[in-house]
Protein chains: 2
Amino acid sequence: MLRKVDKHSGVPAYLQIVNMIKSEILLGNLQKGSQLSSIRELQQIFDVNINTVLKALEKLKSEGYIEAEQGVGYFVKKDFDVDKKIIEIIKTCVAKLKDNSIDYYTAILIFEEVWKNE
Amino acid sequence: MLRKVDKHSGVPAYLQIVNMIKSEILLGNLQKGSQLSSIRELQQIFDVNINTVLKALEKLKSEGYIEAEQGVGYFVKKDFDVDKKIIEIIKTCVAKLKDNSIDYYTAILIFEEVWKNE
DNA sequence: TATACTGTTATATAATTATATAACACTAGA
DNA sequence: TCTAGTGTTATATAATTATATAACAGTATA
């Protein structure tokens, strides 16, 4: 789901955009060959300057995820599919956490710490 | 666990420091009243400039997590303990993901996307 | 009291990130 | 061919983040 960038998160906007688009590809919402929205549409969706969108697309291009066609648009180039099982594991975990009224920030903090400790 | 800041992650160093210290408090490794390492020690641990440590401590102070004593040190002020159950849920999830050889970056991407979608 | 630790304040500089704005170039379709 | 949509390139400016460096001030202890 592409959505407004969080300008107070501390994470640079262009990286948030990179991550959101990667997630779309990861989850299969954007498949190989799909055309992205135009730069100027993305600019509105993310609510940032056109140069910020460009920087994000440039990074995705350099990593091989998308490619550009002059005058036409950007297209998904690489299709990495994550095992459905992985998504299920995470969905189950997220559901449990939400059941316990944990907020996203706390969850991520613990997730990161647990990941890097064990 | 306090560790070197990742200078290529895109997340500002001072925020990484804030998060690491918060995690320590969250997980109970730093309890109410505990003294933090000195600024100059933290500077070495995180491998950043002293002003960057200071910025992080300033933020933690403004959020009420720690307090300073001139000439003595910084101390943990607030003790928010997360239910052990939550930690277990996340530990279990992380273990499963690692069993499936998922890398941290991918895991976080999916986690964030799943969290914000459902 | 002297000293070696603490935290505190300050200034200058550089790199990165984001904005505003404009103009140019390619493509598809009327 | 014209036009409206694409991507592309460029310049100037501002805000944020991080560094280097120095000096000052409080505290505890030998």
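Each chain gets a letter, A, B and so on, in the order its sequence line appears, and its residues count up from 1.
The side chain of A:Glu41 lies closest to D:dT6 when the candidates are D:dT11, C:dG7, D:dT6. Taking every side-chain heavy atom of A:Lys61 into account, D:dT8 is the closest of D:dT8, C:dG7, C:dT17. When distances are taken from the side chain of B:Pro12 to each of D:dT17, C:dG7, C:dT6, the shortest belongs to D:dT17. In this structure, of C:dT8, D:dT17, C:dT6, it is C:dT8 that holds the atom nearest to the side chain of B:Ala68. Nearest nucleotide to the side chain of B:Asn49, out of C:dT8, C:dT21, D:dA20: D:dA20. Of the candidate nucleotides D:dG26, D:dA20, C:dT21, D:dA20 has the atom nearest to the side chain of B:Asn51. Nearest to the side-chain atoms of B:Val48 among the listed nucleotides C:dG7, D:dG7, D:dT19 stands D:dT19. In the set C:dA18, D:dG7, D:dT19, the nucleotide with an atom closest to the side chain of A:Tyr74 is D:dG7.
With rounding to whole Å, B:Glu58 atom CD is found 16 Å from D:dT17 atom C1'. Protein atom CZ of A:Arg40 is 10 Å distant from nucleotide atom P of D:dT8, rounded to whole Å. As a whole-Å value, the separation of B:Gln70 CD from D:dG26 C1' is 5 Å. In this structure, CD1 of B:Ile50 is placed 13 Å from P of D:dA22, rounded to the nearest angstrom. A:Glu67 places its CD atom 13 Å from the P atom of D:dG7, with the value rounded to the nearest Å. The interatomic distance linking B:Gln43 (CD) with D:dT19 (P) rounds to 9 Å, in whole Å. Distance, A:Leu36 CG to D:dG5 C1': 16 Å, rounded to whole Å. If you take CG of A:Leu57 and P of D:dT9, they are 13 Å apart, rounded to a whole angstrom.
Considering only side-chain N and O atoms, A:Thr52 lies under 4.0 angstrom from the phosphate OP1 or OP2 of C:dT19. Checking the phosphate oxygens (OP1, OP2) of C:dA18, no side-chain nitrogen or oxygen of A:Lys55 falls inside 4.0 Å.
Grouping the Ile, Leu, Val, Met, Phe, Trp and Tyr side chains by contacts below 4.5 angstrom, directly or via other members, places A:Ile17 apart from A:Leu15.
Residues A:Lys7 and B:Ser38 both approach DNA chain C. Their nearest nucleotides, taken by heavy-atom distance, put B:Ser38 toward the 5′ side. Of the residues near DNA chain C, A:Leu15 and B:Gln35, the one whose nearest nucleotide (by heavy atom distance) lies more toward the 5' end is B:Gln35.
With 3.5 Å as the limit, one finds no donor-acceptor pair spanning the side chains of A:Asn49 and A:Thr52. Under 3.5 Å, the side chains of B:Gln16 and B:Ser9 contain a donor-acceptor pair of N or O atoms. Counting only N and O atoms by type, the side chains of B:Asn19 and A:Tyr105 include a donor and acceptor under 3.5 Å apart.
No cation-pi contact links A:Lys4 to A:Phe46, judged by a cut-off of 6.0 Å to the six-membered ring centre and 45° from its axis.
The residue B:Leu54 sits close to a base: some heavy atom pair falls under 4.0 Å.
One finds no salt bridge joining B:Glu63 and B:Lys77 here, because no Lys/Arg side-chain nitrogen approaches an Asp/Glu carboxylate oxygen to under 4.0 Å.
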